[in-house]
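Only a predicted model underlies this, so the values are computations on that prediction, with no experimental measurement involved.
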Amino acid sequence: MSESQLIGLSHEKFQQWEQSNLDSIAGMFDERAIVFWANGKSQTKIEMFKLYREGKMSIKNLRLEHTFARVYGNTGVVHGEGEALITLEGEELSGDLRFLDVWVERENGWKIVSSHFNQVV
């Protein structure tokens, strides 16, 4: 996997999130993945998609810029900056954000094992 291909996967993840394409997004995450949100909360894949299905989570008005990646064998890291409106259990997180996705090559393709969001203050 090249660094540009890995960046493409993270961009696709955000596009699918913004379109609420849950099946596509779920396929990008490893079954044991963990997401760390800018409000300090963390969730497993199961917890995150339960909130999505219940309408308690959304990502809108997404604009990504300044993404770069590094690949180390079967592991890759994507860093990026952008803007978004994230709603998480009624709490809105908006404005500039930073993200980090950790991808690992599995038998069924590259999967996110950890995703972290920080809000720029």
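One finds the OG atom of Ser115 at 11.5 Å from the CD1 atom of Ile34 (value rounded to the nearest 0.5 Å). For the atom pair CG of Leu6 and OG1 of Thr75, the computed distance is 10.0 Å after rounding to the nearest 0.5 Å. Note: Arg53 CZ to Met48 CE = 10.0 Å, rounded to the nearest 0.5 Å. Residue Ile112 holds its CD1 atom at 4.0 Å from CH2 of Trp103, rounded to the nearest 0.5 Å. Between the CD atom in Glu47 and the OG1 atom in Thr44 there is a gap of 3.5 Å [rounded to 0.5 Å]. Atoms CD1 and CD, from Ile7 and Glu12 in turn, are 14.0 Å apart once rounded to the nearest 0.5 Å.
The number of heavy-atom neighbours closer than 6.0 Å to NZ of Lys50, taken from other residues, nucleotides and ligands shown, is 12 or below. The number of heavy atoms from other shown groups lying within 6.0 Å of CG (Leu22) is above 12.
Contact of the Gln16 side chain with the Asp23 side chain is not registered, since no non-hydrogen atoms from C-beta on lie closer than 4.5 Å. At a threshold of 4.5 Å between non-hydrogen side-chain atoms, the residues Phe68 and His66 do not count as touching. Counting only heavy atoms from C-beta outward, the side chains of Leu97 and Glu83 never approach each other to under 4.5 Å.
Closest non-hydrogen pair, Gln43 versus Leu51, comes out as NE2-CD1, 2.7 Å. Residues His116 and Asn118 share a closest heavy-atom pair of NE2-OD1, 3.0 Å. The minimum heavy-atom distance between Gly73 and Trp110, with the atom names listed, is O-CH2, 3.8 Å. In terms of heavy atoms, Glu3 sits closest to Ala69 at CD-O, 3.2 Å.
If you chain together hydrophobic residues whose side chains sit under 4.5 Å apart, Phe14 and Phe49 fall into the same group. Note on Val102: it does not cluster hydrophobically with Trp17, by side-chain heavy-atom contacts below 4.5 Å among ILVMFWY residues. Taken together through direct or relayed side-chain contacts under 4.5 Å among Ile, Leu, Val, Met, Phe, Trp and Tyr, Leu9 and Val71 form part of one hydrophobic cluster. By the rule that hydrophobic residues join a cluster once side-chain heavy atoms approach within less than 4.5 Å of another member, Val35 and Val77 end up as members of separate clusters.
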Step-by-step side-chain contact (heavy atoms from CB on, under 4.5 Å) determination, Leu100 to Phe36: CA-CA 10 Å; Leu100 177 123; Phe36 298 90; over 6 Å; no
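Looking at His11 and Thr67, their side chains do bring a donor and an acceptor atom within 3.5 Å of each other. Under 3.5 Å, the side chains of Asn74 and Glu105 contain no donor-acceptor pair of N or O atoms.
In this pair, Phe117 and Trp37 present their aromatic rings parallel. The plane angle is below 30°, not in the 30 to 60° band.
By the 4.0 Å N-to-carboxylate-O rule, Lys13 lies close enough to Asp101 to be salt-bridged with it.
Judged by distance alone, the side chain of Lys45 and the main-chain N or O of Phe29 form a donor-acceptor pair under 3.5 Å.
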